[in-house]
Amino acid sequence: SSMFDIGIFTTIKIIDGNPLFFDKHQNRLLSHAKSLNIPQPKDIEKQVNNFLNKNKPFHCALRITITKEGGLLIESRPLPQSSSLSLITIPDKRDKFRTLKTTNRAVNIAAKNQAEKLGADDALFMQNNHIIESTYANVFSIDDNGNLITPPLEGKGLQGIARLVILEQTPVIEKEISFKTNGPLVLVNSLRIQTIKKLDGRILADSETLFKKIK
């Protein structure tokens with residue numbers, strides 16, 4: 001049995017009834033479950049297809065959770081809207097499981113609450129004065145030479161599926177981004193891309209070009 005009272009989850013974008021990048025989501029779910037010694041459910045794809053056929057949510061966010069007992073939980077919700085965000089940076093106090101997509105979201109929720117208290121939308125975790133990721137998305141920027149960049153996450157943060165797809169399909173350099181950056185910055189996850197207008201109260205460089213590049 002698992003040592004922890006936590007499961008593993010992933011959230012997939014469903015467009016016209018099709019789960020985007022399903023295989024990548026499934027592979028990560030299973031590998032993260034394995035890291036926590038969680039039993040692996042059988043027929044995830046079949047269960048997802050059954051859910052979609054029964055509920056017919058043509059456009060939605062589908063959350064798939066493998067519970068600590070190896071059970072499967074499938075839930076859908078409307079796709080979130082994209083908006084331009086104001087963020088703060090906070091020191092990364094997450095434990096060694098920060099690289100796994102676990103259902104233990106306490107630190108992430110506390111960070112988002114802290115941001116909202118300060119009138120911002122979300123927080124970016126930082127380690128050694130470098131940005132890692134937000135509470136629910138990976139970060140991309142453009143460096144002085146016009147290269148698309150994203151922070152290296154090995155052992156530091158969650159390698160999102162959208163990030164993986166972008167790295168496979170377009171030239172991106174994994175490069176540290178200082179918390180003092182003037183941008184441009186965008187947040188990317190499987191559901192959406194969001195532009196960032198302010199960081200710690202500073203107005204950032206316009207991120208429209210970066211947004212288009214990633215889209």
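We count residues from 1, following the sequence as given.
A heavy-atom distance below 4.5 Å is found between the side chains of Leu187 and Tyr136. With a 4.5 Å cut-off on side-chain heavy atoms, Gln47 and Lys42 do not count as touching. Proximity of Leu148 to Leu210: side-chain heavy atoms (C-beta onward) are separated by under 4.5 Å at one or more points. Between Gln194 and Ser83 there is a side-chain heavy-atom pair separated by less than 4.5 Å. Between Ile14 and Pro57 there is no side-chain heavy-atom pair separated by less than 4.5 Å. Two residues are said to be in side-chain contact when any heavy atoms from C-beta on lie closer than 4.5 Å; Ile131 and Leu199 meet this criterion. Side-chain contact check for Gln26 versus Leu30: some heavy-atom pair is nearer than 4.5 Å.
In this structure a side-chain-to-backbone donor-acceptor pair under 3.5 Å is missing from Asp16 to Asn18. In terms of modelled atom types and a separation under 3.5 Å, the side chain of Arg94 and the main chain of Asn108 share no donor-acceptor contact. Lys54 places no side-chain N or O within donor-acceptor distance of the main-chain N or O of Phe51, the cut-off being under 3.5 Å. Judged by distance alone, with hydrogens and angles left aside, the side-chain atoms of Asn145 form no donor-acceptor pair with the main-chain N or O of Asn147 at under 3.5 Å. The main-chain N or O of Pro19 is never found under 3.5 Å from a side-chain atom of Lys13 such that the two would form a donor-acceptor pair. Here the side chain of Asn138 pairs no donor or acceptor atom with the backbone of Ala162 at under 3.5 angstrom. Judged purely by atom type and a 3.5 angstrom limit, Glu75 has no side-chain atom pairing as donor or acceptor with the backbone of Ala61. At distances below 3.5 Å, at least one donor-acceptor pair connects side-chain atoms of Asp121 with backbone N or O atoms of Ser86. Looking at Asn189, its side chain never comes within 3.5 Å of a backbone N or O of Gly160 through a donor-acceptor pair. Looking at Thr65, its side chain never comes within 3.5 Å of a backbone N or O of Phe9 through a donor-acceptor pair.
Scanning all heavy atoms of the two residues, the minimum distance from Gly183 to Ser141 falls at C-OG, 4.1 Å. Between Ile161 and Ser190, the closest heavy-atom pair is CB-OG, 3.7 Å. When all heavy atoms of Leu185 and Leu124 are compared, the closest pair comes out as CD1-CD1, 4.4 Å. Pairing each heavy atom of Pro151 with each of Ile177, the nearest pair is CD-CD1, 3.9 Å. The two residues Ile66 and Ala33 have their closest heavy-atom pair at CD1-CB, 4.2 Å. The minimum heavy-atom distance linking Ile90 with Ala111 is given by the pair CD1-CB, 3.3 Å.
Other residues, nucleotides and ligands place no more than 12 heavy atoms under 6.0 Å from the CD atom of Gln81. Other residues, nucleotides and ligands contribute more than 12 heavy atoms inside 6.0 Å of the CG atom of Asn55. At most 12 non-hydrogen atoms from other residues, nucleotides or ligands lie less than 6.0 angstrom from NZ of Lys198. A 6.0 Å sphere centred on NZ of Lys175 holds more than 12 heavy atoms belonging to other residues, nucleotides or ligands.
In this structure, Glu176 pairs ionically with Lys156, as a charged nitrogen and a carboxylate oxygen lie closer than 4.0 Å.
Note on Val107 and Met126: separate hydrophobic clusters, where clusters join Ile, Leu, Val, Met, Phe, Trp and Tyr whose side-chain heavy atoms are under 4.5 Å apart, directly or indirectly. Follow the hydrophobic side-chain contacts under 4.5 Å out from Leu85 and you reach Leu204 in the same cluster. Hydrophobic clustering, with ILVMFWY side chains joined whenever heavy atoms are under 4.5 angstrom apart, groups Ile6 together with Leu72. Under a hydrophobic-cluster definition in which Ile, Leu, Val, Met, Phe, Trp and Tyr are linked whenever side-chain heavy atoms come within less than 4.5 Å, directly or via other members, Leu167 and Ile173 are assigned to different clusters. Under the 4.5 Å side-chain heavy-atom criterion for grouping Ile, Leu, Val, Met, Phe, Trp and Tyr, Leu29 is connected to Phe22 within one hydrophobic cluster.
Among the candidates Leu153, Val188, Leu158, the single residue satisfying the side-chain contact (heavy atoms from CB on, under 4.5 Å) test with Arg163 is Leu153. In summary, of the residues considered (Asn129, Asp200, Thr181), a side chain to side chain donor-acceptor pair (under 3.5 Å) with Thr89 occurs for Asp200 alone. Here the options are Ile12, Ile44, Leu62, the test is side-chain contact (heavy atoms from CB on, under 4.5 Å), and the partner is His25; only Ile12 passes.
For the atom pair CZ (Arg192) and CG (Leu79), the distance works out to 9.5 Å, reported to the nearest 0.5 Å. Rounding to the nearest 0.5 angstrom, the gap separating the CZ atom in Phe211 from the OG1 atom in Thr195 is 7.0 Å. Atoms CD1 and CZ, from Ile149 and Phe140 in turn, are 10.5 Å apart once rounded to the nearest 0.5 Å. In this structure, the separation between NE2 on His130 and NZ on Lys180 is 11.0 Å, given to the nearest 0.5 Å. Summarising the geometry, atom CG belonging to Asp92 is positioned 7.5 Å from atom CD belonging to Glu133; distances are rounded to the nearest 0.5 Å. Atom CD1 in Ile88 sits 5.0 Å away from atom CD in Gln114 (nearest 0.5 Å).
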### Message
For Phe97 and Leu36: C-alpha separation, side-chain torsions, deciding distance, then whether side-chain contact (heavy atoms from CB on, under 4.5 Å) applies.
### Response
CA-CA 9 Å; Phe97 301 113; Leu36 291 181; 3.8 Å; yes

